Engineer: 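One structure, as structure tokens, below. Some questions next.
If you're wondering where the values come from, they're calculated on a predicted model, not measured in any experiment. Values reported hereafter were calculated over all heavy atoms of this structure, with side chains retained and with hydrogens, waters and symmetry mates removed.
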Amino acid sequence: MRLDDLRKAPFHLDAEALAWVKRTLGKLSLRAKLGQMMLPLSANLTEEGLDPLLKAGVGGLFRPAGMPVGLVRESTAYLHARSKVPMIMASDIEFSEKDSIGGGTPFPGQMAVGAAGEVEWARRMGTLAAREGRYCGTRWSV
């Protein structure tokens, strides 16, 4: 992929955003570029747990289920404020991230939604899961 391909779907970057990508990528060392490809799982969302990840220059963080919503939001803000490149925050939000980490809308499993035979219920589940994931700072569901 060429950087100019980022103008097309699914990215749709405008000229300003594409220029930022090119400038930022041009400033990164090989080690920093490799770090951007790392997305470790971290159950320790305290500053002491996050600082080594920032130092390593990881490109993002996967947060496991069972984390309090406030801690997830605080850790996301902490990382973004200190990272040279915006980080990709990932979670498994198939049951909605807030449910996965505590404090959100609980859903039945996907098999139960599928067994209901109503596409609308799956759409609603996905929409709400995405909305709650975004609230928690998740930009990628894995």
Engineer: Heavy atoms only: give me the nearest C136-T76 pair and the separation to one decimal.
Structural biologist: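 Closest approach of C136 to T76: O-OG1, 3.6 Å.
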Engineer: Let me confirm one number: the CD-CG distance from E47 to L79, rounded to the nearest 0.5 Å.
Structural biologist: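 It is 10.0 Å, given to the nearest 0.5 Å.
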Engineer: What distance separates M89 CE from L39 CG, expressed to the nearest 0.5 Å?
Structural biologist: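 One gets 8.5 Å once the value is rounded to the nearest 0.5 Å.
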Engineer: With a 4.5 Å limit on heavy-atom distance, are the side chains of R124 and L128 in contact?
Structural biologist: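 R124 vs L128: side chains apart.
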Engineer: Checking side chain to side chain contact (heavy atoms under 4.5 Å, CB included) against R63, which of L41, L71, D92, L45 comes through?
Structural biologist: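 Single pass found, and it is L45.
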Engineer: Can you see which heavy atom on M87 is nearest to which on S83, and at what distance?
Structural biologist: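 Smallest interatomic distance, heavy atoms only, reads CG-OG, 3.4 Å.
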Engineer: When you measure from the side chain of D5 to the backbone N and O of R2, does any donor-acceptor pair fall under 3.5 Å?
Structural biologist: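 Here the side-chain-to-backbone pair exists.
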Engineer: Side chains of S42 and N44: do they bring a donor and an acceptor to under 3.5 Å?
Structural biologist: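 Not at all, the side chains of S42 and N44 share no donor-acceptor pair under 3.5 Å.
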Engineer: Calculate, to the nearest 0.5 Å, the distance between atoms CE and CD belonging to M125 and Q110 respectively.
Structural biologist: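 One gets 4.5 Å once the value is rounded to the nearest 0.5 Å.
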Engineer: Going by side-chain heavy atoms closer than 4.5 Å, which hydrophobic residues are tied to L6, directly or by a chain of links?
Structural biologist: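 Members besides L6, by chain and number: M1, L3, F11, L13, L18, W20, V21, L25, L28, V85.
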Engineer: How long is the span from the CZ atom in F62 to the CD1 atom in I88, to the nearest 0.5 Å?
Structural biologist: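 Answer rounded to 0.5 Å: 13.5 Å.
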Engineer: Hey, which of Q36, M37, R31 is the one that makes side chain to side chain contact (heavy atoms under 4.5 Å, CB included) with L34?
Structural biologist: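 Filter result, single survivor: M37.
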Engineer: Does R82 reach the main-chain N or O of Y78 with its side chain, forming a donor-acceptor pair under 3.5 Å?
Structural biologist: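 Checking the backbone N and O of Y78 against the side chain of R82, a donor-acceptor pair under 3.5 Å is found.
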Engineer: Considering non-hydrogen atoms only, spot the tightest contact between W121 and V113 and give its length.
Structural biologist: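 For W121 and V113, the tightest heavy-atom pair comes out as C-CG1, 4.0 Å.
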